[in-house]
A.B. asks: 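One structure coming up, written as structure tokens, with questions to follow.
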Amino acid sequence: MATIAESIGPGLANAALAGRVDGVLVDTSFTIDNDSEVAIITERDQDGVEVLRHSCAHLMAQAVQRLYPKAQVTIGPVIENGFYYDFAFERPFTPEDLLAIENTMQEIVKENLQVERSVLPRDEAINLFREMGENYKVEIIEDIPGEEPLSFYRQGEFIDLCRGPHVPSTSKFKAFKLTSVAGAYWRGNSDNEMLQRIYGTAWGSKKDLKQHLERLEEAEKRDHRKLGKQLELFHFQEEAPGMPFWHPRGWLLYQTIQSYMQQKQREHNYLEINTPQLVDYSLWEESGHAAKFSEEMFSVESDNRMYAIKPMNCPCHVQVFNQGLKSYRDLPMRLAEFGSCHRYEPSGSMHGLMRVRSFVQDDGHIFCTEEQIQSEVADFMELLFEVYRDFGFNDIILRLSTRPEKRVGSDEIWDDAEQALKDALNATGLEWQLQPGEGAFYGPKIEYSLTDCMGRNQQCGTIQVDFFTPGLLKAQYVAEDSSRKEPVMLHRAVLGSFERFIGVLIEHYGGAMPTWLAPEQAVVLNITDKQAGYCQKVEDSLKNKGFRAISDLRNEKIGFKIRHHTLMKVPYLLVVGDKEMESGTVAVRMRSGKNLGTMSIDDFSNHIGQEIARFGRTEKKAA
RNA sequence: GCCGCUAUAGCUCAGCCGUGGUAGAGCAGCUGACUUGUAAUCAGCAGGUCCCGAGUUCGACUCUUGGUGGCGGCACCA
């Protein structure tokens, strides 16, 4: 491989990190023994960067073992933007250790150690690592199935079991940084001991590394927890961990989204209901949730009765369905609820609004026949795409999760349900991913993830087929032949939970919500006290037209007020001085700083009205 | 829940270890002056059970220890 690179040019030979032979990534030392399609991989290829990251994990492990010979190595894979390596060590690594490790890594880079691949039979490999005291590696090797010899990579005194490929020498690293240290369970199992995981990031060039660090900074600025405080949207406090207190501005945002969803669901023929917060524990036993989730359910005892604070809405929706005898003519029956739920989420799992203990789902359950699944799923997707588009999300990832090993229902029913979901997915004309075995035990499901402006995927919507719950809770309808049948139940949510979705929105927009969602759409600013009365008139006039407007009549300089409301991300700042007062106009400035000039109140109302009517849709530019 | 880190004024943060003697700044708030034209007017005032409990000490924001919350991960997520 290296010879080929050399034959093309010394620059390429130097830049070569790995090669690709007939589509398979190999080391530069790989020998090609027949006619093959060959490519040289450098830091400019995504594959090259991945090889670099993987090798960087080895580089880090080598540095750790030089500094701390007692540390045992385990695994060190590539992750998005970087890598990590898990170590077993007698004490936790400190930030100072991280610096020392990074310095040692730089030294090893300077040493320009050759990275050499070798192959050992399993027994020899086990003996080698056992002698080195690397018990975790021994365990890994023992668990690898098959009898083939295993490949190893050596650089200087360091050797690691690895499939490869790796960079040819330790001199190839140009831009890396250790980012954090954290605990992680051995083999990802919480029954096992905890190891020390060091995270790092590595790039093909210093410029790429810098850009990555800047992206992290940008993400930090957009952090919804930070913006939630700055923009006075919500807060958390110790007395109610994981339960948001919504402030006036945050609640306006929340309610705007809720009314929007209410309207959308009405258009899609949902019937909105509301069910109790406390329901006797027996219902949760009947539904099977108590058996599985009792640890995560809040409960309340009153008058010698045990109630659960509802962790989900499904059983309650079945109760509503069960009232009165239902006929096949009633199906499909679409029940929707903005259902407030409480779950005792593990303390370490909570994260701002993204994972909370009290939340409201835009929940819905469709009771239908098996034949109706496909059309119901198709209609749901139409709703979901409309909604996501209105919120400004155009890139949606679709995933179908199919039957797991442990499941209820016959294979025929699963065949039909999975087919119905596939047909509905195919009908969208979009690509979708298959996640075999990832479905719930009661039925297959589709998950919808949207891509935010930072390129992160956020799973929000879902639709799940359920063959099981209606039977448990005795839901029935009278079929055409007057027999009693169990309906199929579809669980579905578009936003998922309001809390999480708002968290996603805040980060996506960096707090600058599109005008239709902004808690305050326009603020009227006077230049001197003289225009206070006129300001009030402008505010009232906008409010009468249904806009969310406020006035700021404080005795402050106009620059001060503009700065303040720009920081609060109010979309429109209406400046009013003597000139505007006399002509009955407003001077319109956007939060971006752009000046739209002076216009009449009606013109401004039309402008903002049209913008609101477009929601957050981002027009795809027509050719 | 697990590993590590962390908690000082409404907010953002100093001070804390070496060297234990109950605290400072900026912004926000209040008062006054100024009446101002597109991202911070000036001056003054007020504001803290230093997260909670226990211990060590003559004395604890500071040291030790136990809680609780938060942060970074892991595990979990109906």
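For the numbers below, each heavy atom of this structure counts, side chains included, while hydrogens, waters and symmetry mates do not. Letters A, B, ... mirror the listed sequences (proteins, then strands); counts begin at 1.
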A.B. asks: List for me each residue that meets ring pair (Phe, Tyr, Trp, His ring centres under 6.0 Å) alongside A:F83, sequence neighbours excluded, and say none if there are none.
C.D. replies: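 Ring pair (Phe, Tyr, Trp, His ring centres under 6.0 Å) check on A:F83 returns nothing, list empty.
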A.B. asks: Listing time: all N or O pairs from protein to nucleotides 41-43 of chain B that are below 3.5 Å?
C.D. replies:
none

A.B. asks: Please list, in numerical order, the residues of residues 188-199 of chain A that have a heavy atom closer than 4.0 Å to any atom of RNA chain B.
C.D. replies: A:G188, A:S190, A:M194, A:Q196, A:R197, A:Y199
A.B. asks: Distance between the P atoms of B:rU31 and B:rA40, in whole angstroms?
C.D. replies: 24 Å
A.B. asks: Keeping to residues at least two apart or across chains, list the salt bridge (charged side-chain N to carboxylate O under 4.0 Å, His left out) pairs with something in residues 273-292 of chain A.
C.D. replies: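 For residues 273-292 of chain A, and leaving out neighbouring residues, the salt bridge (charged side-chain N to carboxylate O under 4.0 Å, His left out) pairs sorted by first residue read A:D280-A:R305, A:E286-A:K474.
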A.B. asks: Let me check something: any side-chain donor-acceptor pairs from residues 592-599 of chain A under 3.5 Å, sequence neighbours excluded? List them with distances.
C.D. replies:
unit_1	atom_1	unit_2	atom_2	d
A:S592	OG	A:K594	N	3.3
A:N595	OD1	A:G597	N	3.0

A.B. asks: Does A:F560 have any ring pair (Phe, Tyr, Trp, His ring centres under 6.0 Å) partners at least two apart in sequence or in another chain, and if so, which?
C.D. replies: none
A.B. asks: Once side-chain hydrogen bond (donor to acceptor under 3.5 Å, both in side chains) is applied, do any residues pair with A:E611, and if so which ones, sequence neighbours excluded?
C.D. replies: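 So A:E611 forms a side-chain hydrogen bond (donor to acceptor under 3.5 Å, both in side chains) with A:T515, A:Y572.
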A.B. asks: Check the interface with nucleotides 62-66 of chain B: list each N/O to N/O pair with the protein under 3.5 Å, or write none.
C.D. replies:
none

A.B. asks: Got a sec, which residues hit side-chain hydrogen bond (donor to acceptor under 3.5 Å, both in side chains) with A:E438, two or more places apart in sequence or on another chain?
C.D. replies: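 A:E438 satisfies side-chain hydrogen bond (donor to acceptor under 3.5 Å, both in side chains) with no residue once adjacent residues are dropped.
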A.B. asks: Got a donor-acceptor pair under 3.5 Å from the side chain of A:R343 to the base of B:rC76?
C.D. replies: no
A.B. asks: Between B:rG48 and B:rG24, how many Å separate the two P atoms, rounded to a whole number?
C.D. replies: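 It works out to 14 Å between them.
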A.B. asks: With sequence neighbours excluded, what pairs up with A:Y199 under the side-chain hydrogen bond (donor to acceptor under 3.5 Å, both in side chains) test?
C.D. replies: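 In terms of side-chain hydrogen bond (donor to acceptor under 3.5 Å, both in side chains), with neighbours along the sequence ignored, A:Y199 is linked to A:R197.
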A.B. asks: Polar pairs (N or O, both sides) under 3.5 Å between protein and nucleotides 11-16 of chain B?
C.D. replies:
unit_1	atom_1	unit_2	atom_2	d
B:rU12	OP1	A:K229	NZ	3.3

A.B. asks: On a whole-Å scale, what distance lies between the C1' atoms belonging to B:rC13 and B:rC61?
C.D. replies: 16 Å
A.B. asks: Quantified in whole Å, what is the C1' atom distance between nucleotide B:rG66 and nucleotide B:rG72?
C.D. replies: 24 Å
A.B. asks: Let's test your reading of the pairing rules: Watson-Crick or G-U wobble, both distances under 3.5 Å, then write RNA chain B as a dot-bracket string with ( ), [ ], | and dots.
C.D. replies: (((((((..((((.......[..)))).(((((.......))))).....(((((..]....))))))))))))....
